[in-house]
Amino acid sequence: PTASIVNEVVQRCPLHESRQLTSYCRECCELLCEICLSTGDHPQHSEQICSLTEASKEKREAVIETQRGSLGDGGAFKASLARVTKSIDFLHDCTESVSERVAEFFQGVLDSVRKREREVLDDLDRLRTAKVLPMEEQKARLESHLAFSETVSGMLEACDDDVDFLRMAPWLEDHSREG
C-alpha cells in the first residue's frame, strides 16, 4: 500500500497537484499534466510533446547509446584500471619501504638515547660515589660530634659537685679529643 501511495504522489504534477502527469515536452525536458499542456510555453511546443512511455523509451535508448560510446569495448577503462592498480601497488610498496626506514631510523634514535641515558646514569653514580657518599659520611660524623657535644653539655650542666666534676674531667678530656 505504501509503495502505491508513493508512486501515485510521484506521478502527480508538482504545479497542479490534482492532476496526473501524462506527457513530456522534449523542448523543455519537463513532465506535464493536461493543464500544463494547455497553458504556459508548451502549447507552442506541440511537435515536441510525446507520451511518457515514448519519452522514456527515447531517453533510455539515448542513455544506452551514450554509455556504449563512452565504454566502447571497455579497453580504455581496463587500461586506466591497470594504470591505477599499478600506481596503487607502487605507492603501497613505497610507503611500506619508507615505513620500514622510518622505523629503523627511530629505533636507532631510541638506541642512541638509551645508550646516552646509561652513560648519564653511570656518571651520576660516579658523582654520588665520589662526592655525595663522602659528604654523607662527613655529615654522620658531624651529627655524632654534635650529639656528643650536647651530651657533654648536659653532663656539665648536671654536675654541680666539684668532686664529681673532677672525676669526670679525664673522661671528658679523652672523649673530647677523640670526637
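Note that the coordinates shown come from a computational prediction; the quantities given were computed from them, not determined experimentally. For reference, positions follow the sequence shown, starting with 1.
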ask   = Minimum heavy-atom separation for Cys29 to Lys59, with atom names?
value = SG-NZ, 4.4 Å
task = Answer yes or no: is there an ion pair linking Arg26 with Glu58, defined by an N-O contact shorter than 4.0 Å?
result = yes
query = Less than 4.5 Å apart, any side-chain heavy atom of Lys115 and any of Arg118?
reply = yes
task = State the CZ-OG distance between Arg114 and Ser112, to the nearest 0.5 angstrom.
result = 11.0 Å
Distance in Å, Ser99 OG paired with Glu104 CD, rounded so as to fall on 0.5 Å steps = 11.0 Å
ask   = Can a salt bridge be assigned to the pair Glu119 and Arg116 using a cut-off of 4.0 Å between side-chain N and carboxylate O?
value = yes
Gap separating the CD atom of Glu61 from the OG atom of Ser56, nearest 0.5 angstrom = 10.0 Å
ask   = So which heavy atom on Glu54 is nearest to which on Ser51, and how close?
value = N-OG, 3.1 Å
request  = Return yes if some donor-acceptor pair links the side-chain N/O of Ser97 with the main-chain N/O of Asp93 below 3.5 Å, else return no.
outcome  = no
query = Out of Val109, Asp111, Leu110, which residue meets the side-chain contact (heavy atoms from CB on, under 4.5 Å) rule with Val113?
reply = Val109
Heavy-atom closest contact (Cys36 atom, Leu15 atom, distance) = SG-CD1, 4.3 Å
inquiry  = Treating Ser144 as the side-chain partner and Ala140 as the backbone partner, does any N or O pair qualify as donor plus acceptor under 3.5 Å?
reply    = no
query = When rounded to the nearest 0.5 angstrom, what is the spacing between NZ in Lys78 and OG1 in Thr85?
reply = 13.5 Å
task = With rounding to the nearest 0.5 Å, note down the distance linking NE2 in His92 to SG in Cys94.
result = 11.0 Å
Beyond-backbone contact of Glu34 with Arg19, side-chain heavy atoms, under 4.5 angstrom = yes
message = Are the side chains of Gln11 and Gln20 in contact, using a 4.5 Å heavy-atom criterion?
response = yes
message = Apply the hydrophobic cluster definition, ILVMFWY joined by side-chain contacts under 4.5 Å directly or through others, and give me every member besides Leu52.
response = Leu21, Tyr24, Leu31
message = Would you say that Leu32 contacts Thr22 through its side chain, given a criterion of any heavy-atom pair below 4.5 Å between the two side chains?
response = no
message = Starting from Val120 and following side-chain heavy-atom contacts under 4.5 Å between hydrophobic residues (I, L, V, M, F, W, Y), which residues can be reached?
response = Leu121, Leu124
query = If you take all heavy atoms of Thr129 and Pro134, which pair is closest and at what distance?
reply = O-CD, 3.3 Å
note = Residues passing the salt bridge (charged side-chain N to carboxylate O under 4.0 Å, His left out) test with Asp123, sequence neighbours excluded, are Arg126
message = Once rounded to the nearest 0.5 Å, what's the spacing between atom OG of Ser153 and atom CG of Leu146?
response = 9.5 Å
